[in-house]
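All ligand and atom numbering here is 1-based and tracks the order in the structure. Every value quoted in this text rests on a predicted model; they were computed, and no experiment measured them. Sequence positions, counted from 1, serve as the residue numbers for this chain.
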Amino acid sequence: MPHALLIKFPGTNCDLETSRALEAAGFTAEVLPIAHLEPESLDRAQLIVFSGGFSYGDYVMSGRIAQLITKHKLGERLKKFVADGGYVLGICNGFQILTQLDLLPRGSLIHNDTGRFICRWAPLKKNGNTSPFLKALPDNFELPVAHAEGRFVGEAGDAEKYVKDGHAALLYGKDVNGSSAQIAGLQDDTGRVFGLMPHPERFIAKNTHYDPDWNGAEQGWGYYLFKGVAEAMAA
Ligand SMILES: NC(=O)CC[C@H](N)C(=O)O
């Protein structure tokens, strides 16, 4: 079974739900508090996960302190992990951390255009079919979002470029937070590093859908994200 390492910072609060989702999809999962993280910790994992939450209280900007500490502790080890074939997933606050760790195409997640925390279900659509994290999902699906700083912005023209070249593997089906080009998720050149603002771990069991009669699939859509990457690893 592939092993997932979930790095937990003070204020991370989606790690247990995410590890349960990973276990349901065929991973062994381990939550590792940042204080115990060593470069060697990565040796036992095939997937590193930065879960959602409010690391260090979102002070300075979401994910900033978590990124600085991760960089300080791991140096280039995380890049080597990816170069050696490893997978990295950042969900919500984890996506905010990943964009700052320099593992994804350049850009930032800033305050939603409404200036408010958004907690709702969002329609999503795949942009192409290159992401191993999305390969088991249909072209259109939905997941919950819950964030204050989820609006993706880049240098002029970058967002449109990422949509065209496939780095923006996941888009909102309609405007949710003011994200440029409605970008909801980004991948690196290999596809093994993926960050997204929506929360797949919050829609594993189908009865957690807001419509009690929902019957879109056997499991909630989030399940298929974790399942897809487990299958991609096994292939
Ligand atoms: N659910 C989350 O991970 C939230 C991320 C971050 N704390 C924000 O509000 O933008």
Side-chain angles (χ1 to χ4, degrees), residues 4-22 29 31-34 37 47-71 88-101 103-104 106-124 133 141-154 159 168-172 175-187 193-204 208-210 220-223 225-226:
L5 193 70
L6 295 87
I7 302 175
K8 185 180 176 77
F9 304 93
T12 303
N13 63 11
C14 303
D15 48 298
L16 281 183
E17 221 171 344
T18 306
S19 45
R20 272 185 223 121
L22 285 158
V31 173
L32 188 70
I34 184 68
L37 179 71
L47 171 67
I48 307 294
V49 182
F50 293 90
S51 313
F54 297 79
S55 57
Y56 302 95
D58 282 355
Y59 289 114
V60 188
M61 70 183 275
S62 289
R64 182 64 173 153
I65 300 173
Q67 174 263 326
L68 285 170
I69 294 178
T70 304
K71 179 86 192 165
V88 181
L89 173 64
I91 302 170
C92 199
N93 194 218
F95 182 23
Q96 295 164 337
I97 296 167
L98 276 190
T99 54
Q100 298 169 61
L101 272 171
L103 288 173
L104 287 170
R106 280 162 60 99
S108 308
L109 292 151
I110 63 168
H111 283 276
N112 302 332
D113 56 356
T114 54
R116 304 178 70 130
F117 189 92
I118 298 172
C119 186
R120 53 162 294 178
W121 285 73
L124 296 162
F133 290 89
F141 60 101
E142 55 188 339
L143 287 175
V145 294
H147 57 246
E149 293 169 61
R151 171 161 51 130
F152 180 80
V153 292
L170 187 65
L171 306 174
Y172 296 108
D175 183 34
V176 165
N177 54 18
S179 251
S180 306
Q182 296 187 189
I183 289 176
L186 277 182
Q187 62 180 349
V193 182
F194 182 57
L196 76 170
M197 282 316 291
H199 284 271
E201 78 283 5
R202 294 190 186 179
F203 188 30
I204 300 301
T208 55
H209 194 271
Y210 56 87
W221 294 130
Y223 170 82
L225 185 141
F226 300 106

Close side-chain approach of Y56 and P10, heavy atoms under 4.5 Å:
yes

Are any side-chain N or O atoms of [X] and backbone N or O atoms of [Y], one a donor and one an acceptor, separated by less than 3.5 Å?
X: T12; Y: S55; result: no
X: Q100; Y: Q67; result: no
X: R151; Y: H111; result: yes
X: E201; Y: C14; result: no

shortest atom 2 (C) of ligand 1-to-protein heavy-atom contact is with C92 SG, 2.8 Å

Going by distance only, is there an N or O of [X] that falls short of 3.5 Å from an N or O of ligand 1?
X: A146; value: yes
X: G53; value: yes
X: A148; value: yes
X: D58; value: yes
X: R202; value: no

Run the numbers for me: atoms of ligand 1, each under 4.0 Å from some heavy atom of G52, listed by number.
3 (O)

Looking at S62, which atoms of ligand 1 are within less than 4.0 Å of one of its heavy atoms?
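Once the distances to S62 are compared, the set is 6 (C), 8 (C), 10 (O).
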
Look at the aromatic rings of F203 and H209 and report parallel, tilted or perpendicular, splitting at 30° and 60°.
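Ring orientation of F203 relative to H209: tilted.
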
